[in-house]
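Worksheet: one structure, shown below.
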Amino acid sequence: MMEKSFDERCAAFDENYPRVLEQIAQAAVQAGRRPEEVTLLAATKTVPLEVVNHAISRGLSCIGENRVQELLEKYDGLDRAHCDVQFIGQLQTNKVKYLMGKVSCIQSVGSVRLAREISRLCQRENTTMEVLIEVNIGREESKGGVLPEALLEVVDEVRQLPGIQVEGLMAIPPICEDVKKLR
């Protein structure tokens, strides 16, 4: 299968983006919320920098990268003046240092150990990092995150760490055809 060209990828974004925004707006209203309370974060894994910047030029205001190396490769070229950058992938403690000052939020804090390293670096840099605690709701061995029964204890411990602002939870449900099981 041939990879899509820059023009094809941009055209696909231009076609799909308004539709996705409309679907988000409808879902927000159905849930009793205002559409502007919902943030669309686009995962940019494997998406070329030029395509990401095209999306930003069309109004995309939040992106999430899930590989530290890929974020670092794209970072200087990103139109960061018009877009919030977050980290959404599995993160090893030895790579936290590369994210400091580059992302506004780490959405994949799945252990107190990782949170402690973020806290240590935030204290050193005299800054604060927003985080989401990752919950392994499907108890999948292939995924990181805190098991549901340990969640309250982990959240209590992490929110006490200096330099960390716990903003909420993040979970990715297992792939499953059974809607009842997913719920």
Side-chain angles (χ1 to χ4, degrees), residues 24 31 33 36-47 49 52-53 55-56 60-176 181-183:
I24 290 170
R33 297 185 62 190
E36 56 272 12
E37 292 178 300
V38 178
T39 300
L40 169 64
L41 179 143
T44 57
K45 175 181 175 182
T46 73
V47 178
L49 173 65
V52 175
N53 280 336
I56 294 169
L60 182 67
S61 62
C62 189
I63 63 167
E65 189 59 62
N66 76 334
R67 291 186 178 141
V68 173
Q69 186 61 38
E70 192 170 346
L71 173 67
L72 296 176
E73 289 169 3
K74 292 177 182 173
Y75 187 77
D76 287 336
L78 283 172
D79 182 6
R80 298 184 319 274
H82 298 100
C83 190
D84 182 35
V85 179
Q86 300 187 21
F87 189 77
I88 60 175
Q90 289 281 346
L91 181 59
Q92 298 170 323
T93 56
N94 66 336
K95 295 196 177 176
V96 172
K97 62 188 171 206
Y98 300 112
L99 299 180
M100 300 304 295
K102 291 185 170 47
V103 299
S104 66
C105 181
I106 298 174
Q107 291 198 14
S108 49
V109 176
S111 71
V112 173
R113 180 174 174 253
L114 177 58
R116 284 188 184 127
E117 179 62 8
I118 295 168
S119 173
R120 183 185 75 77
L121 292 170
C122 283
Q123 289 177 82
R124 187 180 79 186
E125 304 282 328
N126 194 29
T127 190
T128 300
M129 178 66 71
E130 293 180 359
V131 302
L132 300 181
I133 304 297
E134 182 177 4
V135 186
N136 189 339
I137 59 175
R139 301 175 184 280
E140 296 173 273
E141 289 183 25
S142 62
K143 290 185 182 168
V146 178
L147 293 175
E149 60 271 15
L151 181 60
L152 293 178
E153 183 180 322
V154 169
V155 169
D156 282 343
E157 191 169 344
V158 171
R159 55 188 277 241
Q160 301 303 317
L161 295 172
I164 289 188
Q165 177 66 43
V166 177
E167 291 293 324
L169 307 176
M170 184 276 277
I172 300 173
I175 296 172
C176 178
K181 221 176 187 182
L182 279 176
R183 287 189 182 140

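Among all heavy-atom pairs drawn from Leu114 and Ser111, the shortest one is N-OG, 3.0 Å. Contact between Met170 and Ile88 at its shortest, heavy atoms only, is CE-O, 4.4 Å. Residues Cys83 and Cys62 share a closest heavy-atom pair of SG-N, 3.5 Å. The two atoms that bring Met100 and Cys122 nearest to each other are CE-SG, 3.6 Å, heavy atoms only. When every heavy atom of Ala115 is checked against every heavy atom of Ile164, the shortest pair comes out as O-CD1, 3.1 Å. The shortest non-hydrogen separation linking Lys74 to Val47 is NZ-O, 2.8 Å.
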Walk me through whether Asp84 and Thr39 qualify under side-chain contact (heavy atoms from CB on, under 4.5 Å). CA-CA 11 Å; Asp84 182 35; Thr39 300; over 6 Å; no

Evaluate the side-chain contact (heavy atoms from CB on, under 4.5 Å) criterion for residues Val96 and Met129: first the C-alpha distance (whole Å), next the side-chain angles of each, then the deciding distance (0.1 Å), finally the verdict. CA-CA 11 Å; Val96 172; Met129 178 66 71; over 6 Å; no

Starting from the C-alpha separation in whole Å, work towards a yes-or-no answer on side-chain contact (heavy atoms from CB on, under 4.5 Å) for Val85 and Lys102. CA-CA 7 Å; Val85 179; Lys102 291 185 170 47; over 6 Å; no

Determine, step by step, whether Lys97 and Glu125 satisfy the salt bridge (Lys or Arg N to Asp or Glu O under 4.0 Å) criterion, reporting the C-alpha distance in whole Å, the side-chain angles of both residues, the deciding distance to 0.1 Å, and the verdict. CA-CA 10 Å; Lys97 62 188 171 206; Glu125 304 282 328; over 6 Å; no

Derivation of the side-chain contact (heavy atoms from CB on, under 4.5 Å) call for Glu65 and Lys45: CA-CA 6 Å; Glu65 189 59 62; Lys45 175 181 175 182; 4.1 Å; yes

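Distance check, rounded to the nearest 0.5 Å: CZ of Arg113 to CD of Gln92 gives 9.5 Å. Of the inter-residue distances, the one linking Leu99 atom CG with Ile118 atom CD1 reads 8.0 Å to the nearest 0.5 angstrom. Atom CD1 of Ile172 and atom CG of Asn136 lie 10.0 Å apart (nearest 0.5 Å). Here the OG1-CD distance, from Thr44 to Glu70, works out to 6.5 Å after rounding to the nearest 0.5 Å. Within the model, atoms CG of Leu152 and CD of Glu157 stand 13.0 Å from one another, a figure rounded to the nearest 0.5 Å. Ile106 contributes atom CD1, which lies 10.0 Å from atom CD of Gln86 (distance to the nearest 0.5 angstrom).
Other residues, nucleotides and ligands contribute at most 12 non-hydrogen atoms within 6.0 Å of the CD atom of Glu153. Within 6.0 Å of atom CD in Glu141, 12 or fewer heavy atoms from other residues, nucleotides or ligands are found, so the atom counts as exposed in its surroundings. Atom OH of Tyr98 sits in a sparse spot, with 12 or fewer heavy atoms from other residues, nucleotides or ligands closer than 6.0 Å. Atom CZ of Arg139 has more than 12 heavy atoms from other residues, nucleotides or ligands within 6.0 Å. Crowding of Arg80 atom CZ: a count of heavy atoms from other residues, nucleotides or ligands under 6.0 Å exceeding 12. Counting non-hydrogen atoms of neighbouring residues, nucleotides and ligands closer than 6.0 angstrom, the CG atom of Asn94 exceeds 12 such neighbours.
Without hydrogens or angle criteria, Asn53 side chain to Gly77 main chain gives a donor-acceptor distance under 3.5 Å. Side-chain atoms of Ser119 come within 3.5 Å of backbone N or O of Pro162 as a donor-acceptor pair.
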